Amino acid sequence: MTTEEQAIESSVDSTVPNAGATQIAVENPATGEVIAHVPVFSPDEVAEMARRGRAVQPAWAALGFEGRSRVLSRMQKWMTDNAERIIGVVVSETGKAYEDAQLADWAYGVAAAGFWAKNAEPYLADEKISTASPFVQGRKLVLRHSPLGLVGVIGPWNYPITNSFGDCIPALAAGNAVILKPSEVTPLTSLLLLEGLHECGMPEGVLQVATGYGDTGAALIDHVDMIMFTGSTATGKRVMSKAAETLTPVSMELGGKDPMLVLADADVDRAANLAVMYSMFNGGQTCISVERVYVEEPVYDEFVAKVTAKAAGLRNGVSTGPGTADVGAMTLPKQVDVVERHVEDARAKGAKVVVGGHRGHAGRGGYWFEPTVLVDVDHTMACMTEETFGPTLPIMKVADAEEAIRLANDSPYGLSASVVSKDLAKGEAVARRLEAGTVLVNDVLVNYLALELPMGGAKASGMGTRHGKGGIRKFCQHQSILVTRFALSNEPHMYPYKKRVTQGMQKAIRLIYGRGKRA
Ligand code: NDP
């Protein structure tokens with residue numbers, strides 16, 4: 001195993017907990033209180049769900065874009081009417097701040113329902129293709145996109161709407177039936193949104209939610225025509241390897257270690273605000289984020305001072321409504337151990353903790369880690385090389401932009417990155433040299449709101465894209481159709497081969513294609 005692979009594997013505990021359990025006790029991670037129980041679907045039950053999904057899918061596809069779009073548009077309205085209820089459920093099962101749930105889950109879901117209701121048809125309508133080939137002139141060439149049938153979506157716990165239900169929307173809009181396997185930690189939001197879709201007229205069985213542990217997700221892979229997976233790179237590899245047994249296509253959004261590069265001419269105030277906001281947003285449990293920062297020497301001290309002041313003022317606590325807390329709880333209990341390991345490893349190797357640095361909160365249940373800023377860090381430390389996925393901001397001084405680019409690319413991951421510079425041309429030039437699926441200049445994360453813009457990871461951060469044409473076409477079977485309208489009953493190139501015709505064809509091909517510059 002290479003060091004890079006070890007870094008990816010060591011970020012995840014691969015043991016399957018609660019094997020044989022029939023129920024999941026869902027906790028509020030901010031308090032540790034059990035708030036609900038949901039069933040664990042067995043592999044046989046998943047197979048039964050798949051049969052049901054396949055049985056109802058043809059009628060759903062037959063509704064056409066207009067019929068399906070009506071249901072999704074109603075869902076958009078349902079989600080706006082039920083804003084408080086939805087945000088409340090997201091907050092209760094993730095422990096995140098109210099604003100994080102509102103901005104990055106609820107608002108995304110509302111926008112996505114309307115976006116796919118409107119754009120499924122233009123993205124998937126039959127495409128007439130024209131060709132330069134002289135041999136098929138006059139033929140009709142069409143590319144069509146039809147639903148695959150049954151799609152499986154396996155989602156993580158950090159964004160129960162955006163990263164789980166959000167992927168179901170384009171799959172459904174394309175005419176598929178979908179089985180969603182939400183994270184065991186956050187199944188309640190998916191169940192609520194399923195209820196909403198039924199109220200909006202989606203027939204039973206078109207979307208089904210298979211609650212359960214990793215085994216339920218693994219069983220799902222055997223029964224579907226495509227898997228959309230979001231989660232860790234280590235689990236992604238297991239999913240892909242299982243999908244290979246049935247040649248089931250996969251699209252994957254995996255882990256990341258997103259760098260921010262602060263250049264010497266940056267607006268340091270904006271750079272500091274961006275760094276603090278997007279390292280701590282959602283308790284630091286966001287795939288597209290700021291996981292590490294490289295700052296050019298001339299602005300390093302000013303940047304660290306501004307980040308320190310801002311991070312020290314963050315309110316880390318239970319969110320009871322708008323404006324009550326800035327940084328919420330850690331959603332996954334074992335994630336607190338990962339964050340603590342990264343902070344302790346950095347400390348042991350000489351890093352300085354300038355803000356926070358500890359797990360827990362006196363007198364409070366649940367799972368917590370203080371918003372933490374680390375300086376004097378380097379690439380021997382896990383906090384700079386492994387996905388931390390917590391409220392930490394490690395900052396490293398670099399001599400120049402070249403060093404920043406080299407260090408930013410020194411990672412197995414390539415999800416997203418950001419560059420801060422007042423010189424937009426320079427910022428974009430640096431962006432083009434970063435090995436990441438998305439790079440933002442003077443911003444972080446907001447590309448996710450532009451649903452027209454494809455988003456996907458490079459390197460070990462995934463394959464396939466969300467959003468844009470590719471974000472719905474991946475849920476389709478592509479079929480190319482060629483129709484020959486007018487033709488001779490026997491064309492010259494057909495059997496039997498004739499010397500005169502063959503030589504004539506070669507002459508013609510040389511005439512058409514052989515007029516380029518000599519080598
Ligand atoms: P996982 O990748 O393990 O889980 C993601 C989803 O896959 C969950 O629904 C999980 O179910 C399911 N699953 C687990 N094992 C299998 C399997 N063998 N076959 C099919 N499905 C399976 O993520 P974790 O929740 O354990 O988080 C681990 C790390 O992943 C985090 O520390 C973070 O670094 C990273 N992560 C990255 C995310 C991103 O958006 N890029 C999102 C979340 C996490 P169950 O929850 O029941 O185990």
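The model shown is predicted, which means the values in this text are computed figures rather than measured ones. Side-chain atoms are counted along with the backbone in the values below, which use heavy atoms only and exclude waters and symmetry mates. For ligands, and for the atoms within them, numbers begin at 1 and follow the listed sequence.
Around atom 10 (C) of ligand 1, the closest heavy atom drawn from Q335, R238, K181 belongs to K181. Closest heavy-atom approach to atom 1 (P) of ligand 1 among the candidates T211, N163, L254, T235: T235. Compare Y413, F389, Y213 by their heavy atoms: the one nearest to atom 37 (C) of ligand 1 is in F389.
Using a 4.0 Å heavy-atom cutoff, V185 is absent from the residues neighbouring ligand 1. Ligand 1 lies less than 4.0 angstrom from a heavy atom belonging to G212.
With respect to the salt-bridge test (charged N to carboxylate O, under 4.0 angstrom), the residues R270 and D443 qualify.
Judged by distance alone, the side chain of D326 and the main-chain N or O of N316 form no donor-acceptor pair under 3.5 Å.
Counting heavy-atom neighbours within 6.0 Å of K459 NZ, excluding the residue itself, gives a total above 12. Within 6.0 Å of CE in M277 there are more than 12 heavy atoms belonging to other residues, nucleotides or ligands.
Taking a cut-off of under 4.0 Å to the non-hydrogen atoms of T230, the atoms of ligand 1 that pass are 5 (C), 40 (O). Those atoms of ligand 1 that come under 4.0 Å of a heavy atom in A218, given as number and element, are 19 (N), 20 (C). Close contacts between ligand 1 and V239 involve ligand atoms 19 (N), 20 (C) [criterion: under 4.0 Å to a heavy atom]. Shown in contact with C287 at under 4.0 Å from a heavy atom are these atoms of ligand 1, numbered in order with element: 39 (C), 40 (O), 41 (N). Taking every heavy atom of I154 and a limit of under 4.0 angstrom, the matching atoms of ligand 1 come to 6 (C), 7 (O), 9 (O), 12 (C), 20 (C), 21 (N). Heavy-atom contacts of W157 reach the following atoms of ligand 1: 24 (P), 25 (O), 27 (O) (cutoff under 4.0 Å). If you number the atoms of ligand 1 from 1 as listed, the ones under 4.0 Å from a heavy atom of E253 come out as 39 (C), 40 (O), 41 (N). If you number the atoms of ligand 1 from 1 as listed, the ones under 4.0 Å from a heavy atom of P156 come out as 42 (C), 43 (C).
The only option from R341, K349, R347 that meets the salt bridge (Lys or Arg N to Asp or Glu O under 4.0 Å) definition with D345 turns out to be K349. Checked against K257 for a salt bridge (Lys or Arg N to Asp or Glu O under 4.0 Å), the options E435, E386, E387, E291 give a single hit: E291.
Neither the backbone nor the side chain of Y159 has a heavy atom within less than 4.0 Å of ligand 1. Of the heavy atoms in Q285, none comes closer than 4.0 Å to ligand 1. Residue-level proximity to ligand 1 for L220 is absent, since no heavy atom of it falls below 4.0 angstrom. Here K334 has side-chain heavy atoms under 4.0 Å from ligand 1, and that is the only part of it that gets that close.
Aromatic rings from W116 and F165 are positioned such that their centres are separated by 6.0 Å or more.
Partners of T308 by side chain to side chain donor-acceptor pair (under 3.5 Å), not counting sequence neighbours: none found.
Minimum heavy-atom separation, L150 to V178: CD1-N, 4.2 Å.
Residue G217 places no N or O, backbone or side chain, under 3.5 Å from any N or O of ligand 1.
With no hydrogens or angles considered, no side-chain donor-acceptor pair links H37 and Q23 at under 3.5 Å.
Sequence neighbours left out, the pairs with a member in residues 86-112 that pass ring-ring contact (aromatic ring centres under 6.0 Å, His included) are Y108-Y448, Y108-H467.
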